[in-house]
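First listed ligand is number 1; within each ligand, the first listed atom is number 1. Remember, it's a predicted structure, so these values are computed and weren't measured experimentally.
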Amino acid sequence: MNFLITGAAGFLGSKLANYLVREGHQVRGLDDLSTGDPQALSPDVLFTRGDVNDRPKLWTLLQEVDCVYHLAARVAVPESVLYPREYNAVNVGGTVSLMEAMRDVGVRRVVFISSGAVYGDQGEQPLKETAHPNPRSPYAVSKLAAEYYVRTIGDLWGIESVCLRVFNAYGPGQHLPPSHPPVIPNFLKQAMRGGTLVMHGEGQQTRDYVYVDDVVSTMIAASTAPGINHLVINVGSGIETSIRDLVRLVGETTGAKLEVLTNPRTSPGVSRMCADLSLAREKLGYQPRFSLAQGLRLTLDRDARFRVEPPTRPVNRA
Ligand code: NAD
């Protein structure tokens, strides 16, 4: 098949692109490299640097494409609080530009990578797709608005769509900006450097951490699975893990003696998050393969940024 992946040079996009070319598919990648790294891509991916709002570029890239994976986005929740207009322009505006270009060229299917963040704080866990969204940040609002656009104009224009609400994905190669690092690579880095882990609040908040290869398996299934047009489908591990338990697992995986600080004054954000996977199982045949302990081990082993060189011995000079 012929695919276009937006955000192809990012953490999830590059893993997906490399998997698809290994399977013999034709893959074009678009990314403005605002955070992405083209070095992460196999040379077999036809890469173009560009903005997802650049419609002439999209028209060219979409020729002969069977399915689009739309991942290009600004993804940092704290940053979105500071720059909501920018998040709206890229995450919502970029999605509408892409859908218009797909309509113009006649592309039939889009897989949109949305986020579990659209649920926000909810009473009951695990979260079913039928829960009423309660976005708590401009990032979450932008992903929810993009979902509505994809499904609504997809229906109006005859473009099949499916939205995957990915929970907290992690794995080797995840972008690690110093100003707002995602929790798992940040904890692994601190642990390997013998540093201190800081938990927001008291560390009781929970998240659903899903290993990148499990996420990729759902994206692959979503490009061809029948009977999923218009659906929103959760993608997680189905396991709820508190930050305290994550810290313990990071300690066990790295073997590091950790100093842990709590910061009760900082907000822990959404208090609980766990995906109900019934729909993903039924529609995508999804079964998560990696436990958090396995995923942390693989992340540590496969990401050179977490490797600590053994101290060099002083040279004995006679
Ligand atoms: P990422 O930042 O590594 O990837 C996003 C990519 O989009 C980057 O390579 C960036 O350069 C590119 N990009 C940003 N603005 C662009 C623009 N205007 N035009 C073209 N490219 C642009 O993040 P990721 O974790 O790989 O996330 C990929 C997608 O998955 C995003 O849509 C994100 O919202 C979604 N998602 C990620 C997670 C997660 O835990 N990683 C969870 C839920 C949803």
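What you find for Val210 and Val215 is that their closest heavy atoms are CG1-CG2, 3.8 Å. Closest approach of Leu61 and Arg28 over heavy atoms only: O-NH1, 2.6 Å.
Among protein heavy atoms, the minimum distance from atom 25 (O) of ligand 1 is reached at Phe11 CD2, 3.7 Å. For atom 4 (O) of ligand 1, the nearest non-hydrogen atom of the protein is Gly10 CA, 3.6 Å. For atom 9 (O) of ligand 1, the nearest non-hydrogen atom of the protein is Asp31 OD2, 2.6 Å. Counting protein heavy atoms only, atom 19 (N) of ligand 1 is closest to Val52 N, 3.0 Å. In terms of protein heavy-atom proximity, atom 5 (C) of ligand 1 is closest to Ala73 O, 3.7 Å. Nearest protein neighbour of atom 34 (O) of ligand 1, counting heavy atoms only, is Tyr139 OH, 2.6 Å. With hydrogens left out, the protein atom closest to atom 41 (N) of ligand 1 is Ala169 CB, 3.8 Å, a heavy atom. Of all protein heavy atoms, the one lying nearest to atom 35 (C) of ligand 1 is Ile113 CG2, 3.7 Å.
The closest donor-acceptor contact from the side chain of Asn234 to the backbone of Ala280 lies at 3.5 Å or more, if one exists at all.
Here atom 29 (C) of ligand 1 lies nearest to Leu71 when heavy atoms of Leu71, Val90, Asp51 are compared. Among Asp54, Leu98, Val75, Asp32, the residue whose heavy atom lies nearest to atom 22 (C) of ligand 1 is Asp32.
For the pair Asn168 and ligand 1, the shortest N or O to N or O distance does not fall below 3.5 Å.
No more than 12 heavy atoms of other residues, nucleotides or ligands lie within 6.0 Å of CD in Glu64, so this atom counts as exposed by the packing criterion. Atom CD of Glu124 has 12 or fewer heavy atoms from other residues, nucleotides or ligands within 6.0 Å.
Here the side chains of Tyr149 and Phe112 are not in contact, with every heavy-atom distance at 4.5 Å or above. In this structure, Arg272 and Glu240 have side chains that are in contact, with non-hydrogen atoms separated by less than 4.5 Å. Residues Tyr69 and Leu164 have side chains not in contact (no heavy-atom distance under 4.5 Å, counting atoms from C-beta outward). In this structure, Val96 and Met99 have side chains that are not in contact, with every pair of non-hydrogen atoms separated by 4.5 Å or more. In this structure, Met219 and Tyr19 have side chains that are not in contact, with every pair of non-hydrogen atoms separated by 4.5 Å or more.
The distance from ligand 1 to the heavy atoms of Ala9 drops below 4.0 Å at these ligand atoms: 9 (O). Less than 4.0 angstrom separates some heavy atom of Gly36 from each of these atoms of ligand 1: 8 (C), 9 (O), 10 (C), 11 (O). Atoms of ligand 1 lying under 4.0 Å from at least one heavy atom of Thr35, given by number and element, are 2 (O), 8 (C), 9 (O), 10 (C), 11 (O). Near Leu12, with a cut-off below 4.0 Å to any heavy atom, the atoms of ligand 1 are 26 (O), 30 (O), 37 (C).
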Verdict with supporting geometry, Phe167 and Tyr209, ring-ring contact (aromatic ring centres under 6.0 Å, His included): CA-CA 7 Å; Phe167 282 61; Tyr209 299 103; over 10 Å; no

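Taking CZ of Arg49 as the reference point, atom CG of Asp51 lies at 10.5 Å (rounded to 0.5 Å). Rounded to the nearest 0.5 angstrom, Ser114 OG and Ile233 CD1 are separated by 12.0 Å.
When heavy-atom distances to ligand 1 are checked against a 4.0 Å cut-off, His70 has no atom that comes that close, whether in backbone or side chain. At a 4.0 Å heavy-atom cut-off, ligand 1 touches Phe167 through the backbone alone. Here Ala8 has no heavy atoms under 4.0 Å from ligand 1, in either its backbone or its side chain. Contacts of Leu33 with ligand 1, taken as heavy-atom pairs under 4.0 Å, involve the backbone alone.
Within the structure, the closest approach of Gly50 to ligand 1 falls below 4.0 Å when heavy atoms are considered. Ligand 1 lies nowhere less than 4.0 angstrom from a heavy atom belonging to Tyr170. For the ligand labelled ligand 1, residue Ser114 lies inside the 4.0 Å heavy-atom shell.
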